[in-house]
Amino acid sequence: GLARPDPYDTTITVGPTSTKDVRQDTLGAYVKGNFEGDIGGLHYSGNAGVRYVSTARATKGFLSPIATTMVKADFSYWLPSANLSIDFNDDLTLRLAGAEVVARPGLNQVSASFVPNTVSMTGSRGNPNLRPFEATQYDATLEWYFAPSSSLTGAVFYKKVDSFTVNTVTREFIPGFSERFGLFDISQPQNGEDGDIKGFELAYQQAFRFLPAPFDNLGIQANYTYVDSSTPLVDSITGERLPLPGLSRASYTLIGYYEDDTFSVRAAYTYRSKYLNSVGGAASGGNTYIAARGQLDASAQINLTPNVRLTFEGINLTKAIDRQYLGEPDRLTFSAQEDRRIFFGVAASF
């Protein structure tokens, strides 16, 4: 592993819900080669390479209210990747890609931390042994540029996922707390064994340049993604296999816009279906899901001069509600409605 300085050679005051310390050193190096040519009347180009990444991590803090914890971990990976682009003509391109990838968990997830909530009888705990998210992925995309500033694309993908991160909820006796308050439902990130993700994406974009003025400045963008995932995780109540946490089966975005030299306006509606948020045992009520949600946003800009412009942005204009539930939508555990947010501004460049 990497040599790391010892950051814990001085005395620091820590508490169960206050101080936590994470130090992370990362070393990376890569080599890549490009290629290009023609075969059978088709032009192709691409690249291939490999990246080496090594991470050394040390964390110190409280995983329980009664004792400090010190954990060190090292992770090293060789990550090959390759990309190939084939041009059938000026308007039609096929892209193929394959790679091994990793993503490090957030520092809040790997910190040695424990935070109980005596009001809701819940709590959260970090996991200093959490490994990076690993995946081997393959993608194929066909792109058709059928008009100026317009395109239609379709893509299929497959990802083999190892050591994915899932939040688990367990009911625990917490020394110093449970004697007075009872058992707590504690959430903690854990590594899953393996899983796979497969699906497709469709995207459409068109600028209506063929319309008479001023409608020729109108345009539309739309995309849709379908994802099917599976893991060895099992629902503790139904016994069914669970999908990968955090992934909606369906999501889409619809955008309409108008743009000219003086004025531009854009409205976007984004939707994602329900998804698994955390895995819980039967004693804690089962798995937690985030309900389906759609949100409407808008923005506009007026160019007063070549250097000064007025801006407007509206977020969550329909006041969409966030909902969380256990197993079934009628077992609601959390509901919140964020108000719409409106921003006005003046921007200048010199």
Side-chain angles (χ1 to χ4, degrees), residues 1-10 20-39 43-61 69-87 93-113 126-141 143 153 155-167 189-199 201 225 227 229 231 244-247:
L2 297 176
R4 76 167 70 80
D6 184 1
Y8 308 110
D9 55 358
T10 59
K20 50 184 178 286
D21 196 1
V22 180
R23 304 293 174 91
Q24 187 165 269
D25 299 319
T26 301
L27 173 66
Y30 74 93
V31 60
K32 184 185 74 169
N34 299 323
F35 55 86
E36 185 176 12
D38 295 279
I39 184 171
H43 181 75
Y44 69 88
S45 62
N47 58 67
V50 63
R51 178 183 296 272
Y52 174 76
V53 179
S54 181
T55 300
R57 188 174 70 211
T59 180
K60 183 179 182 180
T69 299
M70 171 71 175
V71 179
K72 295 182 179 181
D74 297 273
F75 309 97
S76 297
Y77 301 94
W78 290 96
L79 305 172
S81 65
N83 297 274
L84 174 64
S85 174
I86 302 174
D87 298 323
T93 299
L94 174 66
R95 302 185 191 276
L96 305 173
E100 292 188 14
V101 297
V102 297
R104 291 184 295 272
L107 297 183
N108 63 314
Q109 293 181 303
V110 300
S111 64
S113 60
N127 184 356
N129 294 307
L130 197 65
R131 301 191 308 278
F133 184 106
E134 307 168 48
T136 301
Q137 59 186 33
Y138 305 96
D139 302 87
T141 305
E143 304 172 353
T153 65
V156 293
F157 55 85
Y158 174 80
K159 305 177 189 292
K160 180 69 171 61
V161 182
D162 298 315
S163 67
F164 61 87
T165 301
V166 56
N167 287 320
Q190 302 281 358
N191 282 120
E193 297 177 11
D194 55 37
D196 62 72
I197 303 170
K198 53 185 177 292
E201 298 175 330
T225 302
V227 178
S229 65
T231 72
L244 204 69
L247 286 182

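As the structure is a prediction and not an experimental result, all values here were calculated from the model.
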Between [X] and [Y], what is the shortest heavy-atom contact and its length?
X: Phe133; Y: Thr165; result: CD1-N, 4.1 Å
X: Ile197; Y: Ser229; result: CG1-CB, 4.1 Å
X: Pro105; Y: Val110; result: CG-CG1, 3.6 Å
X: Asn129; Y: Asn191; result: O-OD1, 4.1 Å

Kindly compute the distance separating [atom1] ([X]) from [atom2] ([Y]), expressed to the nearest 0.5 Å.
X: Gln109; Y: Leu130; atom1: CD; atom2: CG; value: 6.0 Å
X: Leu96; Y: Tyr138; atom1: CG; atom2: OH; value: 12.5 Å
X: Asn34; Y: Asn47; atom1: CG; atom2: CG; value: 5.5 Å
X: Gln24; Y: Thr55; atom1: CD; atom2: OG1; value: 5.5 Å
X: Asp194; Y: Phe164; atom1: CG; atom2: CZ; value: 7.5 Å
X: Tyr44; Y: Ser85; atom1: OH; atom2: OG; value: 12.0 Å

Less than 4.0 angstrom from a charged side-chain N to a carboxylate O is my criterion; do Lys72 and Asp74 meet it?
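Asp74 and Lys72: not salt-bridged.
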Polar side-chain atom of [X] near backbone of [Y] as donor-acceptor pair, under 3.5 Å:
X: Asn127; Y: Pro189; answer: yes
X: Thr59; Y: Asp21; answer: yes
X: Arg57; Y: Pro128; answer: yes
X: Thr231; Y: Leu244; answer: no
X: His43; Y: Ile86; answer: no

Over 60° means perpendicular and under 30° means parallel, so tell me whether Trp78 and Tyr52 are parallel, tilted or perpendicular.
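Tilted.
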Could you go step by step and tell me if Tyr77 and Glu134 meet the side-chain contact (heavy atoms from CB on, under 4.5 Å) rule?
CA-CA 10 Å; Tyr77 301 94; Glu134 307 168 48; 3.6 Å; yes
Could you check whether any side-chain heavy atom of [X] comes within less than 4.5 Å of a side-chain heavy atom of [Y], counting everything from C-beta outward?
X: Phe157; Y: Thr141; value: no
X: Val102; Y: Arg104; value: no
X: Gln137; Y: Val161; value: no
X: Pro245; Y: Asn167; value: no
X: Val50; Y: Val31; value: yes

Let's go through Asp25 and Arg23 carefully: what are the C-alpha distance in whole Å and the side-chain angles of both, what is the deciding distance for salt bridge (charged side-chain N to carboxylate O under 4.0 Å, His left out) to 0.1 Å, and is it a yes or a no?
CA-CA 7 Å; Asp25 299 319; Arg23 304 293 174 91; over 6 Å; no
Between Arg95 and Asn83, does a side-chain contact (heavy atoms from CB on, under 4.5 Å) hold up when you go through it step by step?
CA-CA 7 Å; Arg95 302 185 191 276; Asn83 297 274; over 6 Å; no
